[in-house]
There are 4 protein chains.
Amino acid sequence: MEKDAERRPHTGRRRNEAARRAILDVAVDQLGRSGGGPVTVDTIAAAAGVGRQTIYRWWPSKGAMLLEALAERAAAEVPAPATGTLAGDLAAFVRATFRAAGPDGTRAALRATMAEAQRDPAARALMEEFVARRRRALRDVLVAARDEIGPDADLDLAVDQVFGVLWYRCLVGSAPLDDPVADRLAAGLVRQLRGAADG
Amino acid sequence: MEKDAERRPHTGRRRNEAARRAILDVAVDQLGRSGGGPVTVDTIAAAAGVGRQTIYRWWPSKGAMLLEALAERAAAEVPAPATGTLAGDLAAFVRATFRAAGPDGTRAALRATMAEAQRDPAARALMEEFVARRRRALRDVLVAARDEIGPDADLDLAVDQVFGVLWYRCLVGSAPLDDPVADRLAAGLVRQLRGAADG
Amino acid sequence: MEKDAERRPHTGRRRNEAARRAILDVAVDQLGRSGGGPVTVDTIAAAAGVGRQTIYRWWPSKGAMLLEALAERAAAEVPAPATGTLAGDLAAFVRATFRAAGPDGTRAALRATMAEAQRDPAARALMEEFVARRRRALRDVLVAARDEIGPDADLDLAVDQVFGVLWYRCLVGSAPLDDPVADRLAAGLVRQLRGAADG
Amino acid sequence: MEKDAERRPHTGRRRNEAARRAILDVAVDQLGRSGGGPVTVDTIAAAAGVGRQTIYRWWPSKGAMLLEALAERAAAEVPAPATGTLAGDLAAFVRATFRAAGPDGTRAALRATMAEAQRDPAARALMEEFVARRRRALRDVLVAARDEIGPDADLDLAVDQVFGVLWYRCLVGSAPLDDPVADRLAAGLVRQLRGAADG
DNA sequence: GACTAATCGAGACGGTACGTCGCGTCTTACA
DNA sequence: TGTAAGACGCGACGTACCGTCTCGATTAGTC
């Protein structure tokens, strides 16, 4: 990945899209590889064969860049919503979401990015937005099956239970985020949401 | 708080407990007050009337010290378990837990500490331990009401849903962690756990 | 001197000569002003309107930087050698040398720098070089008048008597380093050097 | 040397002379051995099997203690004055003085101590006194042979030429301080001092 | 023979300076 | 003009030493 920089030509006065790609790729790569250690702008720029200024030209801060790198990665793995029943759609969504956070590389990147978002306001804003987008996707799944859900059900809470478990297990401990867990969680939430109707 | 240092006597060759207290108190105080901004060892040491070295003598890093400060604070607010039914005990626990993370001061401290734990391995280890202690407390509540719970229920997953929602709402967004939310979450989990029996 | 920093522009990827000048000037200034007290890198950097790292980027240690500052100052006051007799040239050189160490500012700087050179190997090497340069200058004066000097004369010893008296009086006590002393020393050495011929 | 401390008994409410000796011996030893590196109070105390406070109880500062250690060492090697002629007495004194500074151990100690005296006022005062004592000894040698010396001779300057060469060669460079040099220096000064009469 | 007083080894403490690391800005030289 | 390179101001970090303080043990004189 580092060697590619030598062959990438300048593009003059237009923004060099290849450089942007290299930066984001290297960023995710290093975030994953670092295992909790610090990822510096210097390292990323060097590995991407890019000047540090090129990073600051396009992102307001290190955290913002990292977050965009992460968001791209996550967006690429967005599961196409679903087809039919609440139980099936929800399970599919949770499975896909958990899987996307599965590889140790991505998980480490998630951890580092969340940490960054706690310090850097720009990163924080992007994290809010990123998270909101994911929440909306899940909420849509629930809303689509509104007839299976009790009227008093707290959809936001259910959404947060999914992402809460996801982030919690990413950030601390080493509990699994695999398909069985996803299925149990989805099943539990279905019961919870249904029940709220006749509660 | 800063002025007390002048009156705090040395304790000779024994560790000065008053200094330890001052450091931890100031740490929590500044974590809360900072609102996400950086809390420096220098500031803490100065406010505690302590040399920087005194901090590094007893903690391997800044993060470890912050984590201990937080753990002490949280432990102090441990809700006494409960009395009787699963629904009642669980709701009480979740309410108390959410309340402990409620004041903006503590919430900011939680955020900063979790971020620190993602970088500093020593802090990470302490965070694992801290989190494990809290998880065990909640698990005990569930186990105590085992007869109300289906045999296939995933207790760990239930526990993680509680703390997941807690941390998720602390770290991103500004969704509330108040009593109604706690009650709804507890009720939902009771339904999940019961349902696993007849599911 | 401190305010200039605000107007000093960056020089890009080339070394900023203005910053170097500011550092060295402030260093000599503070060495002289301090009167033996400690001169810190922090203070120098602040007064020069420079980051601490900029000092460490170009000098291996504080001592090395101080030594270079001193060497520049001393080199600027190099006495132009002379013209004619041994007695006249030598007296002129010693006078000029003593004068250069005369102002209390410079004398304090000499003391501090010599002290630094005893601890910091990098500073020590620079001090050796600085001292060697001065010794060579004086030796040239003697060699130029070789016909007045006995063949057995120990020129190095004569040189060391001059600089020995200089440093000795700088470092300890408060004996003067004025023109009369310089003249007496020069005259005495002339007698020593001549005498070696007929000794 | 380090192990002796275990066998050294307390002396109750009287000062422990053995501890004092151990401190001074270790100090000189480490000064010599360090070769310019830093000698810390901690190291000395540990090697002497002594608490740091025991050092500060008896000396006002590190420098003062080092200087006393050095002074003791030097005083022990004071040459017995002399016998008769200026040339003989002076040569004997210079030889003995140079010899005392000869061993690399002592020379390193001299260097470190002089450096310390430039920073620590207490050490400086002791250094002044130490130096004054040695100067007086040499001056006495000259005064004893006053009839061989011209009336206008600057005795203080002659004395400073001896100690100047000594210190200069100790502090910088590696020029020798052996008997031939001592003899040449003594001879030169005799000529200088005599000459002042008929100059 | 107990009591008091002072010293001793040990080591924690409040400070100050050090030298390193990383961030984000700025300038140069090149393409 | 956009870019790689890299110096710069800033400021936090963790370390090293200094000189002070308190402890508990030990011993020498005093009552």
What's the [atom1]-[atom2] distance between [X] and [N], to the nearest Å?
X       : N      : atom1 : atom2 : result
B/Gln53 : E/dC13 : CD    : C1'   : 10 Å
D/Ile23 : E/dT7  : CD1   : C1'   : 12 Å
D/His10 : F/dT26 : NE2   : C1'   : 6 Å
A/Trp58 : E/dG24 : CH2   : P     : 18 Å
C/Arg15 : F/dG9  : CZ    : C1'   : 16 Å
B/Trp59 : E/dA12 : CH2   : C1'   : 13 Å
B/Arg8  : E/dC13 : CZ    : C1'   : 9 Å
D/Glu17 : E/dC8  : CD    : P     : 10 Å

Identify, between C/Thr11 and A/Tyr56, the residue whose nearest nucleotide on DNA chain E lies closer to the 5' end.
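Closest to the 5' end, via its nearest nucleotide, is A/Tyr56.
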Measure across [X] and [Y] and return the closest heavy-atom pair with its distance rounded to 0.1 Å.
X        : Y        : answer
B/Met65  : B/Ile55  : CE-CG2, 4.0 Å
A/Ala123 : A/Gly63  : CB-C, 3.5 Å
D/Ala115 : C/Gln118 : CB-CB, 3.7 Å

Distance check: side-chain N/O of B/Lys62 vs OP1/OP2 of F/dC13, anything under 4.0 Å?
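Answer is yes, contact under 4.0 Å.
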In degrees, rounded to 10°, what is the bend between the two ends of the helix from E/dG1-F/dC31 to E/dA31-F/dT1, using five pairs at each?
10°
Salt bridge (charged side-chain N to carboxylate O under 4.0 Å, His left out) between C/Asp42 and C/Arg52, intermediate numbers included
CA-CA 7 Å; C/Asp42 236 337; C/Arg52 232 186 355 275; 2.7 Å; yes
Side chain of B/Arg52, heavy atoms from C-beta onward: which of E/dT28, F/dT15, E/dG9 has the nearest atom to it?
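Nearest listed nucleotide: F/dT15.
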